[in-house]
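Accompanying notes for the structure given below.
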Amino acid sequence: PMILHKVYVKALSPWHIYSCCPPSHKAIIQSIVLLSKDNQVFLQPSDESVRPRSWVQILRGLYKDDIGYVHAADADHCDVLVVPRRCPYDNIIENPEPHLCQWKLFDEAKAMQKHLTIVLVEGSSGIVKCHREFYFHGLLHCSLHQSSLEIVNTPHPDHIALYATAQVDSSLIQQTYHVFSTRFWKESDLVHPINGPLVGLRMTVVSIEFKNSTVAISSCDSGLPGCTLLLVDVHYIFRTGDNIWVIAGVHCRSTGYVLS
């Protein structure tokens with residue numbers, strides 16, 4: 001989802017939503033807003049098969065609705081990294097319901113303090129085993145069937161924050177942050193290409209095609225032609241004094257301005 005604490009549904013009309021909603025829930029519906037076609041692209045399921053180095057949403061089980069990172073994949077199953085809801089050293093009496101536990105990375109030091117055995121899995125490039133579970137950079141390593149996963153092209157930055165902390169695939173994380181931010185770009189915003197013959201030139205946004213992940217840009221110099229590039233190949237230019245709105249993190253929804 002693009003905004004925290006919002007529920008997104010596919011429906012024919014607002015009346016359709018109200019008619020399908022249980023009576024006990026109708027009072028909490030404050031407003032129903034139709035998403036633009038550009039924003040709908042981010043919420044539509046993809047028909048692509050799950051592939052390594054991609055984000056997925058887990059559809060069932062303890063980690064239902066959580067975002068995972070695909071570490072490896074074959075025709076039927078995927079090795080998925082997910083932020084643990086419960087670690088072997090947690091107090092089960094204090095937290096009897098694992099689906100209500102707060103997400104956190106597995107901490108080898110805490111496991112050793114509880115006298116738990118940690119074993120490095122041979123030939124696994126850093127996967128460790130502790131109390132029947134496997135972990136990689138603090139993330140739970142599990143095998144899931146492809147049918148229990150759905151590709152998420154651009155998860156919210158807050159949903160992958162602990163993957164950044166774990167330093168798993170930093171390039172994909174930075175790309176995800178960048179592509180997520182492009183949905184807030186507007187016509188005439190100042191940008192610059194980071195690849196190709198126009199690299200470094202100041203350009204302005206003409207239009208964005210989210211379905212194809214491309215942006216049409218024109219040059220600030222009337223003598224140069226415009227072009228269409230992939231979103232990942234174009235960066236926004238912030239200028240001193242620009243007003244900004246924070247879209248993720250602890251300061252989400254805060255406003256400010258660029259000092260330098």
Side-chain angles (χ1 to χ4, degrees), residues 1-4 6-13 32-57 67-70 73 149-161 163-164 169-239 242-249 252-253 258:
M2 293 172 293
I3 303 176
L4 295 177
K6 298 293 183 183
V7 176
Y8 297 88
V9 298
K10 184 177 181 179
L12 299 175
S13 66
I32 298 175
V33 179
L34 177 65
L35 291 179
S36 66
K37 290 184 179 180
D38 286 343
N39 283 333
Q40 289 178 28
V41 170
F42 289 94
L43 301 172
Q44 292 172 352
S46 172
D47 295 328
E48 301 176 31
S49 60
V50 179
R51 61 190 184 280
R53 299 192 68 241
S54 62
W55 302 111
V56 292
Q57 184 178 42
I67 296 297
Y69 169 84
V70 181
L149 303 171
E150 182 177 279
I151 293 175
V152 178
N153 292 320
T154 314
H156 192 284
D158 284 348
H159 297 164
I160 61 173
Y163 292 91
D169 205 334
S170 298
S171 61
L172 176 63
I173 290 172
Q174 292 303 318
Q175 178 179 309
T176 303
Y177 286 167
H178 170 66
V179 174
F180 180 85
S181 71
T182 62
R183 68 184 67 180
F184 300 97
W185 290 5
K186 305 181 299 299
E187 183 180 345
S188 76
D189 278 351
L190 198 61
V191 296
H192 69 91
I194 61 171
N195 289 309
L198 301 177
V199 61
L201 292 181
R202 293 162 70 91
M203 315 281 284
T204 57
V205 174
V206 176
S207 63
I208 299 177
E209 181 58 61
F210 289 111
K211 187 174 183 179
N212 300 322
S213 298
T214 58
V215 55
I217 55 179
S218 64
S219 174
C220 295
D221 182 348
S222 58
L224 294 175
C227 63
T228 298
L229 300 174
L230 292 174
L231 286 170
V232 296
D233 290 331
V234 180
H235 280 190
Y236 193 90
I237 296 177
F238 288 98
R239 294 166 293 183
D242 279 352
N243 292 316
I244 59 169
W245 179 57
V246 182
I247 60 175
C252 184
R253 298 182 181 277
V258 178

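What you see is a predicted model, and the numbers here were worked out from it, not measured in a lab.
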Spacing of [atom1] belonging to [X] relative to [atom2] belonging to [Y], to within rounding of 0.5 Å:
X: Trp55; Y: Ile151; atom1: CH2; atom2: CD1; value: 13.5 Å
X: Thr154; Y: Phe210; atom1: OG1; atom2: CZ; value: 9.5 Å
X: Cys220; Y: Leu201; atom1: SG; atom2: CG; value: 9.0 Å
X: Ser181; Y: His235; atom1: OG; atom2: NE2; value: 8.0 Å

Could you go through Ser171 and Arg53, starting from their C-alpha distance and side-chain angles, then the distance that decides it, and tell me whether this counts as side-chain hydrogen bond (donor to acceptor under 3.5 Å, both in side chains)?
CA-CA 10 Å; Ser171 61; Arg53 299 192 68 241; 3.1 Å; yes
Please confirm whether the backbone N or O of [Y] pairs with a side-chain atom of [X], one donor and one acceptor, at under 3.5 Å?
X: Tyr163; Y: Ile67; answer: yes
X: His178; Y: Leu231; answer: yes
X: Asn212; Y: Glu209; answer: no

Applying the side chain to side chain contact (heavy atoms under 4.5 Å, CB included) test to Asp189, which of Ile217, Val205, Ile208, Thr204 qualifies?
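For Asp189, the side chain to side chain contact (heavy atoms under 4.5 Å, CB included) check succeeds only for Val205.
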Is the shortest side-chain heavy-atom distance between [X] and [Y] below 4.5 Å?
X: Thr214; Y: Leu229; result: no
X: Trp185; Y: Val191; result: yes
X: Arg239; Y: Leu190; result: yes

For [X] and [Y], which heavy atoms make the closest approach, and how far apart are they?
X: Leu149; Y: Val56; result: CD2-CG2, 4.0 Å
X: Tyr177; Y: Ala161; result: OH-CA, 4.2 Å
X: Leu172; Y: Ser54; result: CD2-N, 4.3 Å

Stepwise, does the side chain to side chain contact (heavy atoms under 4.5 Å, CB included) test hold for Val179 with Val232?
CA-CA 7 Å; Val179 174; Val232 296; 3.7 Å; yes
Going through the checks in order, is the side chain to side chain contact (heavy atoms under 4.5 Å, CB included) test met by Arg202 and Ile237?
CA-CA 8 Å; Arg202 293 162 70 91; Ile237 296 177; 4.0 Å; yes
Quick one: list whatever passes salt bridge (Lys or Arg N to Asp or Glu O under 4.0 Å) with Asp233, sequence neighbours left out.
none
